[in-house]
Enquirer: 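Once you've had a glance at the structure underneath, I'll fire off some questions.
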There are 2 protein chains.
Amino acid sequence: MSQQKYQRRKEDRPAEIAAAAFEAFAEKGYAATRVDDVAKRAGVSKGLTYLYYKTKEDLFKAVIRDVVVRRVDSLIGGIESTALTSEEFLRGPFLDFMKKVPRSPVAVVVRLLVAEGWRHPDLVAYYYDNVVARGLGAIRGFVERGVERGEFRREALDLQPQLFIAPMLTSILWRLIFTEKPLDTDQLIESQVDLLLEHLAT
Amino acid sequence: MSQQKYQRRKEDRPAEIAAAAFEAFAEKGYAATRVDDVAKRAGVSKGLTYLYYKTKEDLFKAVIRDVVVRRVDSLIGGIESTALTSEEFLRGPFLDFMKKVPRSPVAVVVRLLVAEGWRHPDLVAYYYDNVVARGLGAIRGFVERGVERGEFRREALDLQPQLFIAPMLTSILWRLIFTEKPLDTDQLIESQVDLLLEHLAT
DNA sequence: ATAATTACTGACTCATGAGTCAGCAAAAGT
DNA sequence: ACTTTTGCTGACTCATGAGTCAGTAATTAT
């Protein structure tokens, strides 16, 4: 019976701790999460956590950044395929993407940002640059292309890109607050695409 | 020099404390707010707070309920005036209402619910019944009336009422998270009304 | 085998903040 | 005036949880 109390795995620890921390923060929020809990989840002592992350706040920031780059990149990446007409694109890949987000970890990041964002302005800025600005830019580019191709009316350029994502954000909020009151978020998002196409189409 | 250390104002204290608490919660969130701070803001000792509210959580709930009934009632009340055509109503009172909300204390309540709601299910239920359900019901009733009057197409009845409020919620979120990145929320809300009218009109 | 290195542990300190309560002072009663 | 009642105070206790660090055990070097 070789009773190893632990293995040394310097390489994997940071990622494991960050993953455990994300779970914990997602469930209980930042303030209500104890570093001890995170450590327990990661199968590690509290002290080790402090070896890899100087403070609880550092851990928080690392987690957000990690989730953001990992998940959002893969999601936004899929949006760049463009062999389709504007309508096909909106009803296809765009719709799929929008439907996915409210069920993805990005939704949890939104909660954390709403709840604790004011205390971490640099984090908010990071999130804005890497997610929001890129996303809005992509939408704007898409609309411009539609106009150039003659698939959209010229007035389309005046629409704020936030109109495209409003129902997705509403869906996220709804799921976060009223988890037990069901809402057909897919339907909501689809209706908005209908409205937009009706208005944009030549 | 009559040196009164304090005046006894049993009647006003609860409201004053609740108001101070709302300010504090709005600024820092529930967890990060110290009861001592609330007392200081209200010009009162910490002990007195506990005389009127058994625990910090009680105080929190009282504050939410207070804000909700006070403000939302007055806001939703103004929506019941109905001597207008559906389009006039949407472009008039409805639009005004929607534009007001993101700047009102209701926005802060949303933040508090997102951040701490999971720990207070009864509070969420209360908010749903007294704000969300009533609001959605009002919208549904409005659409039905529009159809009866022949001002809206029959398909209007299939639209989820959340479509009417999505840009308002987006505006709230945006202001909460990206306070420094301006967004013309009035414009956003107005565009959505345009989209809806275009789609609903006979 | 033995020594040197270092990833890791867990019991500790210390600051913070929720909740208490004995006593004080302002108003009301006599 | 002076007694009684009670709204109010602020110093206290006590639990919690962030962050530390001396020591331990798993590797690696010799």
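A, B, ... follow the sequence lines: proteins, then strands. Residue 1 opens every chain. Hydrogens, waters and symmetry mates are skipped; everything else that's a heavy atom, side chains included, is used.
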Enquirer: More than 12 heavy atoms of other residues, nucleotides or ligands under 6.0 Å from CZ of A/R9: yes or no?
Expert: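 Atom CZ in A/R9 is packed in, count exceeds 12.
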Enquirer: Quickly work out the A/Y53 OH to C/dC8 P distance and round it to whole Å.
Expert: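 The distance from OH of A/Y53 to P of C/dC8 comes to 13 Å, rounded to the nearest Å.
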Enquirer: Examine distances only and state if a side-chain atom of A/Q192 and a backbone atom of A/P167 form a donor-acceptor pair shorter than 3.5 Å.
Expert: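 Pair absent, no side-chain N/O of A/Q192 close to backbone of A/P167.
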Enquirer: Mind telling me whether A/F152 and A/F142 have parallel, tilted or perpendicular rings, with 30° and 60° as the class edges?
Expert: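 It falls in the perpendicular class, over 60°.
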Enquirer: Taking the cut-offs as 6.0 angstrom to the six-membered ring centre and 45 degrees off its axis, would you call A/R13 and A/Y52 a cation-pi pair?
Expert: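 Geometry flag: not set, cation outside 6.0 Å or 45°.
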Enquirer: Tell me, please, the opening and closing nucleotides of DNA chain D, 5' to 3', among those with an atom under 4.0 angstrom from a non-hydrogen atom of chain B.
Expert: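 First-to-last contact on DNA chain D, by the 4.0 Å heavy-atom rule, is D/dT6 to D/dG10.
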Enquirer: Please produce a list of atom pairs where a protein N or O lies less than 3.5 Å from an N or O of nucleotides 26-29 of chain C.
Expert:
| from | atom 1 | to | atom 2 | distance (Å) |
| --- | --- | --- | --- | --- |
| C/dA26 | OP1 | B/K5 | N | 3.2 |
| C/dA26 | O5' | B/Q4 | OE1 | 3.3 |
| C/dA26 | N3 | B/R8 | NH1 | 2.8 |
| C/dA27 | O4' | B/R8 | NH1 | 3.3 |

Enquirer: Would you kindly check if the NZ (Lys) or CZ (Arg) of B/K56 is within the cone defined by 45 degrees around the ring axis of B/Y30 and under 6.0 Å from the six-membered ring centre?
Expert: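 Checked: cation-pi criterion met.
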Enquirer: Quick one: which of B/K99, B/R175, B/R103 gives a salt bridge (Lys or Arg N to Asp or Glu O under 4.0 Å) with B/D186?
Expert: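 Of all the options given, the one that passes is B/R103.
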Enquirer: Please compare B/K56 and A/K10 by the position of their nearest nucleotide in DNA chain C and report the one closer to 5'.
Expert: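 The residue closer to the strand's 5' end, by nearest nucleotide, is A/K10.
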Enquirer: Hey, can you pull the residues of residues 16-41 of chain A with a non-hydrogen atom under 4.0 angstrom from DNA chain D?
Expert: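 Heavy-atom cutoff 4.0 Å gives A/T33, A/R34, A/V35.
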Enquirer: What's A/K46 touching, base or sugar-phosphate or nothing? Going by heavy atoms closer than 4.0 Å.
Expert: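 Touches a base.
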Enquirer: Using the ring centroid of each side chain, check whether B/F60 and B/F22 are separated by less than 6.0 Å.
Expert: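 Here the rings of B/F22 and B/F60 have centres that are no less than 6.0 Å from each other.
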Enquirer: Rounded to the nearest 0.5 Å, what separation is found between the CG atom of B/L51 and the NZ atom of B/K54?
Expert: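 Between B/L51 CG and B/K54 NZ, I get 12.5 Å after rounding to 0.5 Å.
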Enquirer: Can you confirm whether B/K181 sits close enough to B/W174 that some side-chain heavy atom of one is under 4.5 Å from a side-chain heavy atom of the other?
Expert: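 The answer is yes, as the side chains (C-beta and beyond) meet within the 4.5 Å cut-off.
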Enquirer: Please round to the nearest 0.5 Å and tell me the distance separating atom OG of A/S45 and atom CG of A/D36.
Expert: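 Reported value, rounded in 0.5 Å steps: 9.0 Å.
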